[in-house]
Protein chains: 2
Amino acid sequence: MSWLDEVRWDEKGLVTAIAQDARSQRVLMVAHMDREALALTAATGIAHYWSRSRRKLWRKGEESGHQQAVSELRLDCDGDVILLQIEQAGGIACHTGRESCLFRKLVDDEWQITDTVLQDPATIYRQGGGR
Amino acid sequence: MSWLDEVRWDEKGLVTAIAQDARSQRVLMVAHMDREALALTAATGIAHYWSRSRRKLWRKGEESGHQQAVSELRLDCDGDVILLQIEQAGGIACHTGRESCLFRKLVDDEWQITDTVLQDPATIYRQGGGR
């Protein structure tokens with residue numbers, strides 16, 4: 001049995017994937033992978049995901065250049081979560097131009113933005129919404 | 001508008017929740033929250049989740065004693081992921097008796113178990129499958 005068969009793919013054939021900065025251990029983003037994306041990630045050492053909004057395989061950084069070199073892949077007890085240890089090119093994982101997608105913190109019943117925009121998204125992507 | 005309305009609940013009224021050890025920064029588990037679980041988590045400072053398998057609100061540690069004190073809540077750019085910084089009582093987050101649910105690492109096309117069982121699950125739970 002392939003290691004890919006031990007992943008518990010959901011009804012859409014996807015698994016949740018968390019990218020964590022291998023050095024700082026900050027959680028940078030959460031996305032999804034299909035079987036092809038996970039297989040390619042393992043084979044190439046570069047993070048690939050399945051874009052649910054664009055419904056296609058997505059090599060992170062294919063447009064922005066912000067690709068992710070993967071040093072470790074982990075699977076959780078239920079088999080439905082993948083954790084990636086990554087090195088983030090450009091130091092920007094989020095499509096808003098911030099280091100991390102987790103840039104809002106709950107303070108006094110409000111989501112406060114804690115991270116600055118490191119690069120204007122308009123200069124990162126040729127088209128809107130790309131990643 | 002309540003901060004709870006800024007969360008993008010999925011079609012089942014759930015959001016993905018990641019618990020990260022506030023000190024070590026290790027990712028310990030990934031679960032789901034409904035609106036009530038998230039509101040209770042924020043109000044009490046103790047992690048509450050929605051158990052998809054048991055279809056009920058679940059205060060983590062209610063049976064095992066392994067509760068999670070929450071020091072920070074974050075929301076991602078898409079609004080569909082919550083990140084919790086926690087202190088894990090007993091040092092065990094996983095129902096298998098391990099520190100983390102992410103105890104399998106991909107090595108040479110195999111998921112290798114990297115963590116030891118710290119406590120026999122049979123002594124953690126009165127009934128099977130509980131958390």
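Below, chains carry the letters A, B, ... as their sequence lines are ordered, and counting in each starts from 1. Here the structure is a predicted model, which means the values were calculated and not measured.
Hydrophobic cluster membership is shared by B:Val70 and B:Leu28, with clusters built from Ile, Leu, Val, Met, Phe, Trp and Tyr side chains linked at under 4.5 angstrom. When the side chains of ILVMFWY residues are joined at heavy-atom separations under 4.5 Å, either directly or via intervening members, B:Ile86 and B:Val15 end up in a single hydrophobic cluster. Cluster annotation: B:Trp58 and B:Trp9 are assigned to the same hydrophobic cluster (Ile/Leu/Val/Met/Phe/Trp/Tyr, side-chain heavy-atom contacts under 4.5 Å, transitive). Under a hydrophobic-cluster definition in which Ile, Leu, Val, Met, Phe, Trp and Tyr are linked whenever side-chain heavy atoms come within less than 4.5 Å, directly or via other members, B:Tyr49 and B:Val7 are assigned to the same cluster. When the side chains of ILVMFWY residues are joined at heavy-atom separations under 4.5 Å, either directly or via intervening members, A:Met33 and A:Leu14 end up in two distinct hydrophobic clusters.
Contact of B:Ser100 with chain A is not made at all, since no heavy-atom distance falls under 4.5 Å. Neither the backbone nor the side chain of A:Ser2 comes within less than 4.5 Å of any heavy atom of chain B. For B:Ile113, no part sits under 4.5 Å from any heavy atom of chain A, backbone or side chain.
When all heavy atoms are compared, the tightest approach of A:Cys77 to B:His95 is SG-CE1, 3.6 Å. The shortest heavy-atom contact between A:Gln25 and B:Gln20 is O-NE2, 2.9 Å.
Using a 4.5 Å cut-off on side-chain heavy atoms (C-beta onward), B:Leu73 and A:Lys105 make no contact.
Salt bridge absent: B:Asp78 and A:Arg52 never bring a charged side-chain N and a carboxylate O closer than 4.0 Å.
When atom types are taken as modelled, the side chain of B:Trp3 and the backbone of A:Leu106 share no donor-acceptor pair closer than 3.5 angstrom.
Note that the CG atom of B:Leu83 and the CG atom of A:Leu102 stand 4.5 Å from one another [nearest 0.5 Å]. The OG1 atom of B:Thr96 sits 10.0 Å away from the CG atom of A:Asp76 when rounded to the nearest 0.5 Å.
Within 6.0 Å of atom NZ in B:Lys56, more than 12 heavy atoms from other residues, nucleotides or ligands are found, so the atom counts as buried in its surroundings.
Highest contact tally toward chain A, considering only B:Leu75, B:Leu4, B:Val27, B:Val81, is held by B:Leu75 [criterion: heavy-atom pairs under 4.5 Å]. When each of A:Glu6, A:Arg26, A:Arg74, A:Glu72 is scored by its heavy-atom pairs under 4.5 Å with chain B, the top score falls to A:Arg74.
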